[in-house]
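All heavy atoms count here, side chains included; hydrogens, waters and symmetry mates do not.
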Amino acid sequence: MAERDDEEREFDLRWADGAEHKEPSARARMLAARWKENPPGPVPFRADPDHVGSGRRSSWVSTAVVLGCVAAVIVLLGYVNLRAPY
């Protein structure tokens, strides 16, 4: 009998989504209280291009650096295996 009551009381997401009022999360309440006294200033959607680092490397340079590192690791592992005593 108790098992049947548990099945009837099982949490149903459709029932929860259909609720008239949902309590905001703790973070939402904290931000609302903070912004009530001190609202945030406007923030641009994207950063200005002037503030981006010194420059962007082209994709082939990045690819060459990654492949060079992979080759160096392979050579290093091969060297270690040659020197390892059996």
Let me confirm one number: the SG-CD1 distance from C69 to I74, rounded to the nearest 0.5 Å. 11.5 Å
Calculate, to the nearest 0.5 Å, the distance between atoms CG and CG belonging to L77 and L82 respectively. 11.5 Å
Residue list, side chain to side chain contact (heavy atoms under 4.5 Å, CB included) with P24, at least two apart or on another chain: A28, R29
Which residues satisfy the side chain to side chain donor-acceptor pair (under 3.5 Å) test with W60, sequence neighbours excluded? S58
